[in-house]
Structure formats: C-alpha cells, structure tokens
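The sequence lines fix the lettering, A, B, ..., with proteins before strands; numbering per chain opens at 1.
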Number of protein chains: 2
Amino acid sequence: MITVDMRDRKPIYEQLIDNIRTLAVGGHLSPDEHLPSVRQLAAELAINPNTIQKAYAELERQGVIYSLPGRGNFISPDIGAIAAAERRKQTELLRASMQAAKNGGVTEKDALTLLREIYGDE
Amino acid sequence: MITVDMRDRKPIYEQLIDNIRTLAVGGHLSPDEHLPSVRQLAAELAINPNTIQKAYAELERQGVIYSLPGRGNFISPDIGAIAAAERRKQTELLRASMQAAKNGGVTEKDALTLLREIYGDE
DNA sequence: TAACTGTACTGTTCGTTATAGTACGGTTAT
DNA sequence: ATAACCGTACTATAACGAACAGTACAGTTA
C-alpha cells in the first residue's frame, strides 16, 4: 500500500519515490503492473496531483516505472537491475550508519546483537 | 575541528549540533573546555553569528554544553550521561538502517561483512 | 463523443534556513 | 572606569524548496 506521512520531514514526493521503489523491489508490485493514475492517487492520499507527477517522473528517470501517455504508469519489466541498484544504495547507507554508530559509542557486540535481532536467528 | 559543509542538504546549525556533540562524546573536547565564542566561530566558518547562537542554544538544551553569560560556552562536565544518550540514539538509527537494508535486499552475510569491515577484524 | 490518461505550463502560498543589523547587560583585563 | 570582549534577544529581510491551485493540450479507450 502506498502511503505518506505528513509529519515526516522528508518531502512527500521523496516518500512516494522510496515507497514505490521499495514495493517494486520487494515484489509487492509486479512487472508491468498498472499504477494508480496521477489524479486518482492524489485524491486517495489527499495531496496535489503535481506532487504525484513529480514522484512518477523521477521513478521513470530511475527506470523503476515507465509511462504510456494516455494509458498510465507501469512497473518496469526488468526489476532485476533495479533491485541490484537498490541493494547497492542500501549497502552504502548501512555502511554510513554503522560508521556513525561506531563513532557514537555503539560496540561491535551490540551492533552484532542488533543485526541478529533484525534478521532473526533461525 | 568544527567544520561545515555548505553543499550538504542538512542545515548548518544542525551540522554544528551533531559535529560538536560527536566531538564532545568522542572525548575530543574535554569537560569544561571553552568553546569558540559565537562571533569568533562565525567569523572562522564565514557564517552568520545567529546560526552559531542557534546551535549553541540547542546544545545547551540538550545538556551537551553550558553557557555563562559574558564568559562563554563550555562543554558540560558530565559527559557520561550525554554519551549514553548518544549511544541510544545511534543504536536506534542503526536499527532502522539495518531494517531498511534488509528490506532492500542486503543479505545478513553482506551486512556482517560490512560490520567486520567497519570495526576492523583484529 | 465522453471520460479517462500523462504531461506541461504559470503563478502562488508557506515554512525553514540563513542573513543583516541593532541593542543590552555581564565579564574581564588594562 | 573604560574598552573589549562575551552571551542573548530582538526585528526584518532574502532565498529557497515544497506543495498547492488552476489551466491547457494531446493520447487512449469504452
């Protein structure tokens, strides 16, 4: 489900970009799946159509979706490359976060415990 | 050294807050150490004194520094509690980052490798 | 043809950040 | 005491990005 949080400091259009890309990479949105129209999604989320348009345009630039004028916006058929890019991006963010945590006094042991907690220990 | 990156999306006063708190918690600034005056630091970094003042005010609110009107701003003598708070904060940020990484397709194995890389394997 | 769709504009509002300038009282060394 | 610092508190303004409002036009489809 596509959602936005008005209280979040992150701009709405960026939330939409990350949200949809995460859904696409996670398989919750299938290749060639028809996304809500600009006006429909704007109505559902009670935000301006221009904001949706801005997010869709950036997602197309990133190759996550493609648009057929007059028809709509669709999830890109080749999710593989997108998933790889997402993985690289998240890896770099994680690296930065780990470095900050280390500088902030978080021990390797605690970080390891956290990692096990997130990934489960089955 | 206190620095500022004008190209960063993060506001200058927030950079200063994080920067100084990191230096304090990391022991690079000693308890009761005299910080640069508002006007002096503003001149050094070529930014407005009001921006420094805003950062100092927030740091005092957080208990990282204390101010003596007419004398200056000083690092708080009890860094212990501040370090603990910093550790908690960084732990939560790391947790969120790990969760995002997992959702983004980063494997536990890769995350573990990254962790070892950051903390060193001696 | 009517009702959708994406797209492209212009213009406006709003909040945050940062700046500029001024002012006042406390501290310190000369 | 007086000058030169210091923190602090204002007001006003400029700049920027985000979001909104409104309009318009061309492609698609039932």
Side-chain angles (χ1 to χ4, degrees), chain A residues 2-21 24 29-77, chain B residues 2-21 24 29-77:
Chain A
I2 301 173
T3 58
V4 286
D5 180 6
M6 302 300 286
R7 294 165 308 183
D8 196 331
R9 293 225 320 191
K10 190 195 294 184
I12 297 176
Y13 77 95
E14 277 192 32
Q15 291 185 42
L16 289 170
I17 292 169
D18 293 346
N19 198 325
I20 293 173
R21 197 176 60 209
L29 292 175
S30 309
D32 298 314
E33 181 168 340
H34 200 157
L35 287 165
S37 79
V38 168
R39 293 173 179 83
Q40 179 188 334
L41 186 54
E44 280 180 17
L45 301 179
I47 57 183
N48 194 283
N50 289 341
T51 306
I52 308 291
Q53 172 59 22
K54 188 172 182 179
Y56 277 0
E58 175 59 19
L59 282 168
E60 185 177 22
R61 199 197 61 78
Q62 291 182 9
V64 177
I65 69 178
Y66 62 96
S67 87
L68 300 180
R71 293 214 50 204
N73 287 274
F74 305 84
I75 297 293
S76 174
Chain B
I2 301 174
T3 57
V4 158
D5 179 7
M6 301 301 284
R7 294 165 307 182
D8 197 328
R9 293 224 319 189
K10 190 193 294 184
I12 298 176
Y13 77 96
E14 278 192 30
Q15 292 184 43
L16 289 171
I17 292 168
D18 294 345
N19 198 327
I20 293 173
R21 198 177 59 210
L29 292 175
S30 309
D32 298 314
E33 181 168 339
H34 200 155
L35 288 165
S37 79
V38 169
R39 294 174 179 81
Q40 180 188 333
L41 187 54
E44 281 180 15
L45 301 179
I47 57 183
N48 195 282
N50 289 340
T51 306
I52 309 289
Q53 171 58 22
K54 187 172 183 180
Y56 277 0
E58 175 59 19
L59 282 168
E60 185 177 23
R61 200 198 61 80
Q62 292 180 10
V64 177
I65 70 177
Y66 63 95
S67 86
L68 300 180
R71 294 216 49 205
N73 287 275
F74 305 85
I75 298 292
S76 175

With a 4.5 Å limit on heavy-atom distance, are the side chains of A/Pro36 and A/Tyr56 in contact?
yes
Check the interface with nucleotides 27-30 of chain C: list each N/O to N/O pair with the protein under 3.5 Å, or write none.
from, atom 1, to, atom 2, distance (Å)
C/dT28, OP1, B/Arg71, NE, 3.0

Is any side-chain N or O of A/Ser67 closer than 4.0 Å to OP1 or OP2 of C/dT5?
no
Round to a whole Å and report the spacing from CG of A/Asp8 to P of D/dG17.
19 Å
DNA chain D: 5'-proximal contact among A/Arg39 and B/Asn50 (nearest heavy atom):
B/Asn50
Does A/Lys54 make a side-chain N or O approach to OP1 or OP2 of D/dA19 shorter than 4.0 Å?
no
When the distance from CD1 of A/Ile65 to C1' of C/dT7 is rounded to whole Å, what number comes out?
13 Å
Please determine whether a side-chain nitrogen or oxygen atom of B/Tyr56 lies at a distance below 4.0 Å from atom OP1 or OP2 of D/dG7.
no
Phosphate-side-chain proximity, B/Thr51 and C/dT19, N/O vs OP1/OP2 below 4.0 Å:
yes
Nearest to the side chain of A/Ser37 - C/dG6, C/dT17, D/dC6?
C/dG6
The answer to which of B/Ile47 and A/Pro36 contacts DNA chain C further toward the 5' end, by nearest nucleotide, is A/Pro36
Just how far, in rounded Å, is P of C/dT5 from CD of A/Gln53?
13 Å
What I'd like to find out is whether the side chain of A/Ser67 reaches to under 4.5 Å of the side chain of A/Asn73, using heavy atoms alone.
yes
Protein-nucleotide distance (B/Leu45, atom CG; C/dT19, atom C1'), rounded to Å
15 Å
Between D/dT8 atom P and B/Leu35 atom CG, what is the distance in whole Å?
12 Å
A/Glu58 CD to C/dT7 C1': how many Å, rounded?
16 Å
Could you tell me whether the phosphate oxygens of C/dA18, OP1 or OP2, come under 4.0 Å of any side-chain nitrogen or oxygen in B/Tyr13?
no
Side chain to side chain contact (heavy atoms under 4.5 Å, CB included) involving B/Gln62 - partner list, sequence neighbours excluded
B/Ile17, B/Arg21, B/Glu58, B/Leu59, B/Val64
Please report, rounded to the nearest Å, how far the P atom of C/dA18 is from the NZ atom of B/Lys10.
12 Å
Between B/Asp8 and B/Lys10, does at least one N-O distance fall below 4.0 Å, as a salt bridge requires?
no
Less than 4.5 Å apart, any side-chain heavy atom of A/Ile52 and any of A/Ile47?
yes
Distance, nearest 0.5 Å, that separates CD of B/Glu44 from OG of B/Ser37
8.5 Å
Report the nucleotide, chosen from D/dC20, C/dT17, C/dT5, that has the shortest atom-to-atom distance to any side-chain atom of A/Asn48.
D/dC20
Integer-rounded Å distance: D/dC5 P and B/His34 NE2:
14 Å
Is there side-chain contact between B/Asp5 and B/Ile12, with heavy atoms separated by less than 4.5 Å?
no
